[in-house]
Colleague: 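Quick one: the structure is below, questions incoming.
Being a predicted model, the structure only gives us computed values, none of them experimental.
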Amino acid sequence: MRMSTWIRQHVAALRALLVLTVITGIVYPLAVFAVAQLPGLKDRSNGSLLERDGTTVGSSLIGQAFTDSDGNPLRQYFQSRPSAAGDGYDPMSTAASNLGPESIVDSAPDETALLSTVCARSKAVGELEGVDGSRPFCTPGGVGAVLAVFGPRTAAGEVDQPVRVVSVNEFCSVTRTPFLAEYKGVQVDCRGADEDVSQARIVPIRGAAPEHPAVPADAVTASGSGLDPNITPDYAAIQLARVAKARNISEDQVHALVDAHTDGRTLGFLGEPRVNVVQLNLDLDAKYPFQG
């Protein structure tokens, strides 16, 4: 008894499904797994996990925050760059802040624009490391140095004769003494809690900060993924003295470990030199345990 064409087609389809399931669902994954376990590939394929005393403590590909329960930096550790992934370095919430260079006006004292966030971080890092934390377009208090200038506009959109000037990121509830006393002969005021500055001319003030700040850019900005485990050698350099003092060892000893965990440009020309903070801090604990 001959099977109908309909039955033959479905039997053939079922056979193809079973064969492809075995090949792509079993044979291929097992082959890939076997190749991934070869020397030189095993570490990366398994997540580049880092162990200490038989316990997995992290991955060399994912950064960590080296802070206490209140978020304060632990002085015995090199600090990572900031992270916008969840509460910080959360692999399940990898993300950037999505704030760009035009984000310069704060919504509220606790809702800061990118500029004020960078200014606050630079001030904090400068105080922690004992270096000049000033940056262009930042106030000494650590917010964006930006004015809202009210008055009639010229054809070019400028305000030549201001009638009122407000420091938009210095709220009166926080400070009543703006970073600049006057602008074009007009007194600069702090900003009221509900003050609308949308109709004003927004003017960033560069200030007298050096062109090349002592605090590097990666110390005040998050990476695109929020998971970057690396910092620049410049950021590592300004932390070196603090870590050496906290661990009661010489700066030369710390410098040697920093050099050991510094990688050059990939293939000699891609990216920038970088220091893996996670691996560096683990090595510090192994060789020079903190006695505090």
Side-chain angles (χ1 to χ4, degrees), residues 67 70-73 79 81-84 87-88 96-154 156-222 235 238:
T67 56
D70 295 323
N72 300 311
Q79 295 299 304
R81 68 183 303 179
S83 170
D87 292 329
S97 68
N98 292 326
L99 297 177
E102 293 185 358
S103 177
I104 63 175
V105 177
D106 298 349
S107 300
D110 57 349
E111 296 179 14
T112 57
L114 177 61
L115 177 59
S116 285
T117 298
V118 166
C119 293
R121 287 171 176 167
S122 190
K123 180 175 182 291
V125 171
E127 292 172 350
L128 177 66
E129 310 301 350
V131 299
D132 181 8
S134 64
R135 306 186 81 79
F137 304 105
C138 292
T139 72
V143 298
V146 182
L147 302 179
V149 183
F150 295 85
R153 304 279 189 97
T154 66
E158 301 295 332
V159 179
D160 289 335
Q161 297 180 329
V163 295
R164 186 161 186 265
V165 181
V166 175
S167 179
V168 294
N169 296 329
E170 293 185 303
F171 290 83
C172 297
S173 59
V174 178
T175 177
R176 294 186 176 277
T177 306
F179 73 99
L180 198 62
E182 63 176 44
Y183 176 78
K184 291 187 177 181
V186 177
Q187 175 182 309
V188 177
D189 297 322
C190 57
R191 182 179 172 188
D194 300 319
E195 187 163 7
D196 181 13
V197 296
S198 60
Q199 301 304 311
R201 172 73 173 176
I202 302 300
V203 181
I205 304 297
R206 188 194 183 284
E211 182 178 354
H212 300 290
V215 177
D218 62 306
V220 298
T221 56
Y235 188 20
I238 67 171

Colleague: Could you report the tightest heavy-atom contact between Leu99 and Leu114, atom names first, then the distance?
Modeller: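 Scanning both residues, the minimum pair turns out to be O-CD2, 3.6 Å.
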Colleague: Does the side chain of Val220 come within less than 4.5 Å of Tyr235's, by heavy atoms?
Modeller: no
Colleague: Would you compute the distance between atom CZ of Phe171 and atom CG of Asp110 and round it to the nearest 0.5 angstrom?
Modeller: 9.0 Å
Colleague: Got a donor-acceptor contact below 3.5 angstrom from the Glu111 side chain to the Ala108 backbone?
Modeller: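 Such a contact is absent between Glu111 side chain and Ala108 backbone.
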Colleague: If only atom types and distance count, is the side chain of Glu170 paired as donor or acceptor with the main-chain N or O of Thr175 below 3.5 Å?
Modeller: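 Such a contact is absent between Glu170 side chain and Thr175 backbone.
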Colleague: Is there side-chain contact between Pro109 and Ser173, with at least one heavy-atom pair below 4.5 Å?
Modeller: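 Yes. Closest side-chain heavy atoms under 4.5 Å.
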Colleague: For the residue pair Ile104 and Phe137, establish whether any side-chain heavy-atom pair is separated by less than 4.5 Å.
Modeller: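 Not in contact.
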Colleague: More than 12 heavy atoms of other residues, nucleotides or ligands under 6.0 Å from CG of Asp87: yes or no?
Modeller: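 Counting neighbours around CG of Asp87, 12 or fewer heavy atoms of other residues, nucleotides or ligands fall under 6.0 Å, so no.
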Colleague: If you measure from CD on Gln79 to CD1 on Ile238, what distance do you get to the nearest 0.5 Å?
Modeller: 11.0 Å
Colleague: Working to the nearest 0.5 Å, report the span between CD of Gln161 and OG1 of Thr154.
Modeller: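 The CD atom of Gln161 sits 11.0 Å away from the OG1 atom of Thr154.
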Colleague: Can you see which heavy atom on Glu211 is nearest to which on Pro213, and at what distance?
Modeller: O-CD, 3.3 Å
Colleague: Identify each donor-acceptor pair in which a side-chain atom of residues 180-187 lies under 3.5 Å from a protein atom, sequence neighbours left out, and give them as a table.
Modeller:
unit_1 : atom_1 : unit_2 : atom_2 : d
Lys184 : NZ     : Val159 : O      : 3.2
Gln187 : NE2    : Asp189 : OD1    : 2.9

Colleague: Looking only at non-hydrogen atoms, find the nearest pair between Ser167 and Pro178 and report the distance.
Modeller: CB-CB, 4.1 Å
Colleague: Calculate, to the nearest 0.5 Å, the distance between atoms OG and NZ belonging to Ser116 and Lys123 respectively.
Modeller: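 NZ of Lys123 is found 12.5 Å from OG of Ser116.
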Colleague: Side chain of Arg153, backbone of Ala200: donor and acceptor closer than 3.5 Å?
Modeller: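 At least one qualifying donor-acceptor pair exists.
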Colleague: Taking all non-hydrogen atoms of both residues, which atom of Val125 and which atom of Ala219 are closest, and how far apart?
Modeller: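 Heavy atoms only, the tightest pair is CG2-O, 4.1 Å.
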Colleague: Treating Asp132 as the side-chain partner and Ser134 as the backbone partner, does any N or O pair qualify as donor plus acceptor under 3.5 Å?
Modeller: yes
Colleague: Could you tell me the separation between the CG atom of Asp196 and the CZ atom of Arg191, rounded to the nearest 0.5 Å?
Modeller: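 One gets 8.0 Å once the value is rounded to the nearest 0.5 Å.
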Colleague: Can you see which heavy atom on Val215 is nearest to which on Gly126, and at what distance?
Modeller: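 Taking every non-hydrogen atom into account, CG2-N, 4.1 Å.
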Colleague: Keeping the roles fixed (side chain from Thr139, backbone from Ala145), state whether a donor-acceptor pair exists under 3.5 Å.
Modeller: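 No.
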Colleague: Could you check whether any side-chain heavy atom of Arg121 comes within less than 4.5 Å of a side-chain heavy atom of Arg81, counting everything from C-beta outward?
Modeller: no
Colleague: According to side chain to side chain donor-acceptor pair (under 3.5 Å), who are the partners of Thr117, at least two apart in sequence or on a separate chain?
Modeller: Thr112
Colleague: Which heavy atom in Ala84 sits nearest to a heavy atom in Ser97, and how many Å separate them?
Modeller: CB-N, 3.7 Å
Colleague: Does the side chain of Val143 come within less than 4.5 Å of Cys138's, by heavy atoms?
Modeller: no
Colleague: Tell me whether Asn169 contacts the main-chain N or O of Val105 through its side chain, where contact means a donor paired with an acceptor under 3.5 Å.
Modeller: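 Not at all, since once roles are kept as given, no pair shorter than 3.5 Å links the two residues.
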